[in-house]
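Each residue takes its place number in the sequence, starting with 1.
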Amino acid sequence: MQQSANDDGEIRRMTADKKIHIVFHDAGGGHRNAAISLQAIIEQQHQPWLVELVQFQELTDHLDVLRRVTGIRIQEQYNSLLRNGWTLGATTLLRILQTVIRTFHRPMVRLLTKYWREHPADILVSVIPHFNRQLQESWSVACPGKPFVTLITDLADFPPRFWIEAIPEQYVIAGTEKAAGQAHAFGHDENHIFRTSGMIVRPDFYADDPVDSRELRKQMGLRDDLPVAIVLFGGYGSGVMYQIARRLDKEAVPVQLILICGRNEKLAARFRAEHWKIPIHVVGFSKGVHRLMRAADFMIGKPGPGSIAEAMLRQLPVLIECNAWTLPQERYNAEWVKEKDVGIVLQNFRDVALGVSDMLVPATLERLRRNVKAMNNRALFEIPEILSGLMTESPQVSKHPQEEPSVRK
């Protein structure tokens with residue numbers, strides 16, 4: 001239930017001035033990534049804090065209605081929908097889930113209260129949606145006066161009862177102007193809303209690797225005279241990747257592909273078993289995506305907040321789609337990409353050949369690269385400052401944030 005990335009956990013426990021709980025779950029990879037990233041940067045900064053990760057699903061397992069009926073956890077049901085592309089009608093399923101959560105509100109609050117009393121801390125940070133009311137109510141009973149923070153890992157909320165609750169005690173960390181505005185709309189005052197300059201991203205995406213992109217392409221068997229797209233659809237890949245590659249291959253679009261298949265070994269084997277006219281490089285599960293992005297000119301993928309934020313840090317324009325099959329909480333991401341002019345949004349990847357051709361127009365690619373480069377996401381380093389302020393004294397509010405703003409000090 002509690003997890004630590006340290007071998008010297010006992011030493012840190014003895015020397016820590018403050019203790020932080022970070023609550024995450026594994027419905028999608030972004031929540032765990034956010035929790036681990038925050039823990040990692042706190043440790044890298046040698047903050048005198050003990051950070052403990054709390055897996056929400058394990059903590060509340062016996063209240064999981066779907067598991068009672070089917071034997072499968074809610075998070076596993078969700079991940080199965082993502083892997084198979086069964087996302088049409090996701091809004092209805094989401095509202096049903098929220099109804100179930102409200103039904104079990106009281107027993108969940110009791111369970112969580114008991115846990116926090118047995119495992120007190122100085123601050124509770126949630127990187128998950130749906131359960132923030134239950135987390136806050138239980139936390140305020142068990143640890144009165146200690147701050148409760150919701151770190152939004154989407155570019156925007158999908159109200160009601162998703163990320164932001166109409167609870168005065170909830171602190172909200174928002175990575176976009178849209179999300180901060182939504183918190184205001186829910187009645188949160190300026191002292192409870194923190195704007196960061198972007199989304200939280202793993203520390204390795206900030207690494208200043210001295211890698212030569214031409215040498216990296218050579219290592220992957222790719223040519224140096226053709227642009228490269230990295231195709232990324234999460235840790236389990238997606239069958240959509242195969243359709244994308246086939247359409248680009250059929251149309252002989254002058255592009256090369258780095259195909260990140262993740263843990264989808266069948267998909268990787270399918271790519272490797274066929275003959276392709278366009279150069280491709282197939283990758284299974286890898287912790288070095290940040291390095292592979294150095295060889296790419298742009299990214300093709302789903303409109304997930306994590307992958308978009310990672311692409312921005314690696315200065316890659318994005319080619320994404322948005323339609324009825326897109327998860328409802330990710331549809332704003334497409335609007336953000338268009339608003340910031342950092343990529344191309346398609347109605348459907350059936351038009352991927354046209355989309356890539358448009359992306360490769362020199363003037364278009366140069367404009368998009370320029371806009372991506374203008375992004376300066378330092379959220380990973382800003383968030384510990386926010387938490388430090390909340391654990392020590394009331395933070396001062398920045399009344400006039402920048403356009404893609406800097407953190408409130």
Side-chain angles (χ1 to χ4, degrees), residues 201 204-205 207-234 237-238 240-262 264 267-268 270-272 274-304 306-321 337 342-346 349 351-373 375:
V201 177
D204 48 18
F205 278 86
D208 188 17
D209 301 327
V211 61
D212 182 86
S213 61
R214 291 174 298 180
E215 178 60 29
L216 195 53
R217 291 184 185 188
K218 182 179 179 181
Q219 293 172 10
M220 291 186 281
L222 300 177
R223 294 165 49 180
D224 190 46
D225 61 338
L226 281 179
V228 176
I230 187 166
V231 185
L232 186 60
F233 279 77
S238 170
V240 176
M241 296 171 60
Y242 182 82
Q243 301 303 323
I244 288 172
R246 268 287 158 229
R247 288 190 169 92
L248 293 174
D249 196 65
K250 181 180 179 181
E251 298 294 328
V253 179
V255 69
Q256 305 174 99
L257 302 179
I258 302 172
L259 299 153
I260 310 296
C261 298
N264 194 332
L267 179 62
R270 188 179 186 186
F271 277 121
R272 293 186 178 114
E274 297 193 25
H275 173 74
W276 300 87
K277 291 180 292 186
I278 61 173
I280 69 168
H281 177 71
V282 182
V283 181
F285 178 75
S286 173
K287 293 184 178 180
V289 172
H290 62 288
R291 184 172 183 271
L292 296 172
M293 281 186 170
R294 292 290 193 193
D297 296 290
F298 63 99
M299 186 195 82
I300 302 174
K302 65 177 184 177
S307 56
I308 290 175
E310 290 168 358
M312 296 298 101
L313 274 179
R314 284 316 201 193
Q315 300 185 11
L316 301 181
V318 297
L319 179 63
I320 61 176
E321 71 171 1
V337 166
V342 291
I344 294 174
V345 179
L346 301 176
F349 275 128
D351 298 323
V352 68
L354 179 60
V356 171
S357 296
D358 289 344
M359 177 75 77
L360 296 181
V361 173
T364 300
L365 188 57
E366 176 58 30
R367 184 189 79 245
L368 297 176
R369 281 174 169 167
R370 185 169 59 249
N371 293 336
V372 171
K373 192 173 183 179
M375 298 286 169

Trainee: Might you point out which heavy atoms bring Glu215 and Asp212 nearest each other, and give the distance in Å?
Mentor: N-OD2, 2.9 Å
Trainee: Taking side chain to side chain contact (heavy atoms under 4.5 Å, CB included) as the definition, give me every residue that meets it alongside Leu365, ordered by chain and number, with sequence neighbours left out.
Mentor: Pro317, Met359, Arg369
Trainee: Roughly how far, to the nearest 0.5 Å, is the CG atom of Asp297 from the CD1 atom of Ile230?
Mentor: 11.0 Å
Trainee: Evaluate the side-chain proximity of Leu346 to Leu319: yes if any heavy-atom separation is below 4.5 Å, no if none is.
Mentor: yes
Trainee: Side-chain contact, heavy-atom cut-off 4.5 Å: Asp351 with Glu321?
Mentor: no
Trainee: Distance from Leu257 atom CG to Asp249 atom CG, nearest 0.5 Å?
Mentor: 8.5 Å
Trainee: Report the C-alpha separation of Val318 and Met312 in whole Å, then their side-chain angles, then the decisive distance to 0.1 Å, and conclude whether the side chain to side chain contact (heavy atoms under 4.5 Å, CB included) test is met.
Mentor: CA-CA 8 Å; Val318 297; Met312 296 298 101; 4.0 Å; yes
Trainee: Apply side chain to side chain contact (heavy atoms under 4.5 Å, CB included) to the pair Leu292 and Met220, showing each step before the final yes or no.
Mentor: CA-CA 10 Å; Leu292 296 172; Met220 291 186 281; 3.9 Å; yes
Trainee: So which atom in Arg291 and which in Arg314 form the shortest heavy-atom distance, rounded to 0.1 Å?
Mentor: N-NH2, 4.4 Å
Trainee: List the steps, then state whether side chain to side chain contact (heavy atoms under 4.5 Å, CB included) holds for Leu232 with Met293.
Mentor: CA-CA 10 Å; Leu232 186 60; Met293 281 186 170; 3.9 Å; yes
Trainee: So Val253 and Ile278, side chain to side chain contact (heavy atoms under 4.5 Å, CB included) or not? Walk me through it.
Mentor: CA-CA 8 Å; Val253 179; Ile278 61 173; 5.9 Å; no
Trainee: What's the separation between atom SG in Cys261 and atom CE in Met241, rounded to the nearest 0.5 Å?
Mentor: 4.5 Å
Trainee: Does CZ in Arg214 sit with more than 12 non-hydrogen atoms of other residues, nucleotides or ligands closer than 6.0 Å?
Mentor: no
Trainee: Nearest 0.5 Å, what's the CD-CE distance between Gln315 and Met375?
Mentor: 11.5 Å
Trainee: What are the two closest non-hydrogen atoms of Ala295 and Ile258, and how far apart are they?
Mentor: CB-CD1, 4.0 Å
Trainee: Considering only heavy atoms from C-beta outward, does the side chain of Ile300 approach that of Val356 to under 4.5 Å?
Mentor: yes
Trainee: Output all residues satisfying ring pair (Phe, Tyr, Trp, His ring centres under 6.0 Å) with Phe298, sequence neighbours left out; order by chain, then residue number.
Mentor: none
Trainee: Nearest heavy-atom pair of Ile344 and Gly355: which atoms, and what distance?
Mentor: CD1-O, 3.8 Å
Trainee: When you look at NZ of Lys287, are more than 12 heavy atoms from neighbouring residues, nucleotides or ligands closer to it than 6.0 Å?
Mentor: no
Trainee: Do you know which two heavy atoms are closest between Lys302 and Ser307, and how far apart they sit?
Mentor: O-OG, 3.5 Å
Trainee: Could you label the plane-to-plane angle of the Tyr242 and Phe271 rings as parallel, tilted or perpendicular, counting under 30° as parallel and over 60° as perpendicular?
Mentor: tilted
Trainee: Say you draw a straight line from CZ of Arg294 to CG of Leu316; how long is it, rounded to the nearest 0.5 Å?
Mentor: 9.0 Å
Trainee: Roughly how far, to the nearest 0.5 Å, is CD1 of Ile244 from CZ of Arg246?
Mentor: 13.5 Å
Trainee: Strictly distance-based, threshold 3.5 Å: is any side-chain N or O of Gln256 a donor or acceptor partner for the main-chain N or O of Arg223?
Mentor: yes
Trainee: Tell me if a side-chain donor or acceptor on Arg247 pairs with a main-chain N or O of Ala353 at a distance below 3.5 Å.
Mentor: no
Trainee: Below 30° counts as parallel, above 60° as perpendicular, anything between as tilted: where do the rings of Phe349 and Phe233 land?
Mentor: perpendicular
Trainee: I'd like to check Gln219 versus Leu216 (side-chain heavy atoms, cut-off strictly below 4.5 Å). Are they in contact?
Mentor: yes
